[in-house]
Amino acid sequence: MKVEPLMVEAWGLEIGSRGELSVGGCSTVTLAKIYGTPLHVVNENGLTDTAQRFQRAFKNCYPGRFTVHYAFKCNSVPGVARILMKSGLKAEVMSEFELKLALHIGFRGEEIIINGPYKPEILHRLCLENHVRFIIIDSISELKALQAVCESIDREAHVLLRLNPDFIPRKMNKGTATGSRKGCAFGLDTKGGEVEWVLERLPDFDRIRFDGFQFHVGTGIRYPRDYYRVLKQLKPVVDRTRKMGHDIRIFDVGGGFASITTREMTTWEMLLYQGWERLPSGISSRDRFSFRDFAEAVTDGLYYLFSADDLPELILEPGRCIASPNQLLLLTVIGTKERSGIRKWLLTDGGIGTVATPTYYEYHEVYVCNDMYRPLTEKVTIIGPVCFAGDTIYRNKRMPPVNPGEVIAIMDSGAYFTSWESSFGFPRPAIAAVKNGEHRLLRRRESFSDMVARDVTEQ
Ligand SMILES: Cc1ncc(COP(=O)(O)O)c(C=O)c1O
């Protein structure tokens, strides 16, 4: 098998003389032996480097102030978030758990912004008490609730209004487009008068300080110019806001920047795959785009809305493009099964029911760790250990022949894998970090005691 130079470079992979896959100077086969599988392996230098390249791209393009808030929901493993904090990123959270975690890791309140459609009173209160920089308002009812909390504890809140721009990025699976007016409840309706309703009544919300707008139109955006297009589409809202005498100091364009090494299936590909088991082909080398392309598109969009001497502070909330390529998931092939004329299965110790949920809707490369050059001669269905027919990783995936006992790597497990994982009959996996030939544990495998810790077992 030929491993595309683009991929090897993008992941920071190393392939030994006998074809063995290494990351961060550590052999994946050895890591699987030491820690067992399923095992996530985090490439520490890769994470730092990706976070810095992202920041550098915006520094080189955008002349105004900007801040990058890492989206905790993407991968909230404390060891991962700590590496990103050291790389200069701030935090974006969406729940009480994530807020407490960010504070616990060492982010100051002023370095945190909070999103999400569900912020109960306790969460608003925690945000205010910890001086969270911006509370991003998702709805009119949230605004009213926040005003009430502010009054009750005599505080002011700095807010951004989340806009629903009614925009679906190109080729995005419609079910995951978070800026669609019809398909998604997030944000204030830019076409139904909600934004104007809020702006007109801001004086009545005397504890609320309006600082600007936010949107997030989905994850895995592969066409950087979509950021320019969505910003351009918001011109009427921006103009009306200014006309009403409000200053827009901040513009937050959310996250969504794709990772080059994996991709979500489009709506059509999902239909073909789930209905007819036609797995889309891999990552195309035509799909080359860089952080610079995203930075240019966002900058052009903000220049369309603002004059050069009036540019707002830009906020970015990336998750996927930073975390995704810098983690991989190791699984052991426990056995194979073949029904002649039907299909061949590879049975592994992890599937979508436990550790690999995103493979349901995303395409990921899968490699055989001890032999990266073995030719792809088979089509197999890779399944997990849970007793339901849907616990597959991929159907009809082109693979080399794999023997029981060998370890495979699901690439790009850094985004939304650990967030989605479940202990459906099996303990959740360990996570190790690698750097310059050394490895360390970030999270141990779940034990039986962990799995029953919340249960009242003796009555
Ligand atoms: C509000 C918000 N910001 C940021 C993100 C991060 O998106 P991504 O991981 O695609 O960069 C998400 C993801 O769903 C989100 O909902």
Side-chain angles (χ1 to χ4, degrees), residues 47 50-51 53-55 57-58 67-77 80-81 84 89-95 98-99 102 112-119 123 132-139 142 159-165 167-169 171-173 175-180 183-188 212-224 226-227 230 250-265 289 291 294-295 297-298 314-327 357-358 361-362 412-420:
L47 260 186
T50 312
R53 279 190 298 107
F54 188 88
Q55 293 171 94
F58 280 87
T67 25
V68 183
H69 289 253
Y70 169 65
F72 264 52
K73 62 182 82 58
C74 169
N75 182 335
S76 61
V77 174
V80 168
L84 294 174
L89 302 193
K90 301 185 184 337
E92 184 266 345
V93 300
M94 58 141 196
S95 66
E98 287 188 357
L99 174 58
I112 302 173
I113 58 173
I114 183 157
N115 266 295
Y118 174 58
K119 302 188 198 78
L123 182 53
V132 161
R133 188 170 180 217
F134 294 120
I135 298 175
I136 296 160
I137 299 290
D138 187 65
S139 62
E142 182 186 350
V159 307
L160 307 181
L161 300 181
R162 178 160 180 168
L163 302 174
N164 182 310
F167 181 89
I168 301 181
K171 295 207 178 167
M172 181 168 283
N173 175 348
T176 59
T178 49
S180 146
C184 190
F186 292 148
L188 298 173
F213 293 120
Q214 188 265 13
F215 62 78
H216 171 78
V217 290
T219 187
I221 298 168
R222 306 190 77 73
Y223 297 89
D226 278 339
Y227 285 89
V230 62
I250 311 285
F251 220 110
D252 178 341
V253 299
F257 314 93
S259 160
I260 200 164
T261 44
T262 178
R263 66 185 184 85
E264 276 198 294
M265 295 180 207
F289 49 85
F291 289 158
F294 286 117
V298 170
L314 165 65
I315 291 183
L316 303 132
E317 305 171 1
R320 173 185 296 282
C321 67
I322 290 174
S324 180
N326 295 307
Q327 188 168 311
T357 305
Y361 54 87
E362 292 175 359
D412 272 88
S413 72
Y416 303 101
F417 275 64
T418 45
S419 317
W420 277 115

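If you read the sequence from its start, that first residue is 1, and numbering goes on from there. Whatever order the structure lists ligands and atoms in, that order sets their numbers, starting from 1. Quick caveat, the model's predicted, so the values are computed rather than measured.
- Using cut-offs of 30° and 60° on the angle between ring planes, the pair Phe257 and Tyr227 is parallel.
- Salt bridge status for Lys171 with Glu264: absent, with no side-chain N to carboxylate O gap under 4.0 Å.
- Of all the heavy atoms of Pro318, the ones lying under 4.0 Å from any atom of ligand 1 belong exclusively to the backbone.
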Side chain to side chain contact (heavy atoms under 4.5 Å, CB included) for Phe215 and Val217? Distances and angles first, verdict last. CA-CA 6 Å; Phe215 62 78; Val217 290; 4.0 Å; yes
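- Residue contacts with ligand 1, taken as heavy atom pairs separated by less than 4.0 Å, involve Asn115 solely via side-chain atoms from C-beta onward.
- Taking a cut-off of under 4.0 Å to the non-hydrogen atoms of Gly255, the atoms of ligand 1 that pass are 4 (C), 11 (O).
- Set against the non-hydrogen atoms of Thr219, the atoms of ligand 1 under 4.0 Å away are 8 (P), 9 (O), 10 (O).
- The contact set between ligand 1 and Arg162, taken as ligand atoms under 4.0 Å from a residue heavy atom, comprises 1 (C).
- The salt bridge (Lys or Arg N to Asp or Glu O under 4.0 Å) check on Arg162 picks up nothing, with sequence neighbours excluded.
- For ligand 1, the polar-atom distance check against Cys74 finds no nitrogen or oxygen pair separated by under 3.5 Å.
- Using a 4.0 Å cut-off to heavy atoms of Ala71, the atoms of ligand 1 that qualify are 4 (C), 5 (C), 6 (C).
- If you check which protein heavy atom lies closest to atom 16 (O) of ligand 1, you get His216 CD2, 3.4 Å.
- Residue contacts with ligand 1, taken as heavy atom pairs separated by less than 4.0 Å, do not involve Glu264 at all.
- Taking every heavy atom of Gly256 and a limit of under 4.0 angstrom, the matching atoms of ligand 1 come to 7 (O), 8 (P), 10 (O), 11 (O).
- The side-chain heavy atoms of Leu160 and Phe134, taken from C-beta on, include a pair separated by under 4.5 Å.
- With distances taken over non-hydrogen atoms, the option nearest atom 6 (C) of ligand 1 out of Phe215, Tyr416, Phe186 is Tyr416.
- For the residue pair Arg320/Ser259, the side-chain donor-acceptor check at 3.5 Å is not satisfied.
- Between the side chains of Asp412 and Gln327, no donor-acceptor pair is found at a separation under 3.5 Å.
- Of the heavy atoms in Lys73, only side-chain atoms (C-beta onward) come closer than 4.0 Å to ligand 1.
- By the criterion of a heavy-atom distance under 4.0 Å, both the backbone and the side chain of Glu317 are placed next to ligand 1.
- Residue contacts with ligand 1: Gly254 is excluded, as none of its non-hydrogen atoms falls under 4.0 Å.
- When side chains are defined from C-beta on, Ile322 counts as touching Phe54, because their heavy atoms get closer than 4.5 Å.
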Start with the C-alpha distance between Asn75 and Tyr416, add both sets of side-chain angles, then the distance that settles side chain to side chain contact (heavy atoms under 4.5 Å, CB included), and finish with yes or no. CA-CA 6 Å; Asn75 182 335; Tyr416 303 101; over 6 Å; no
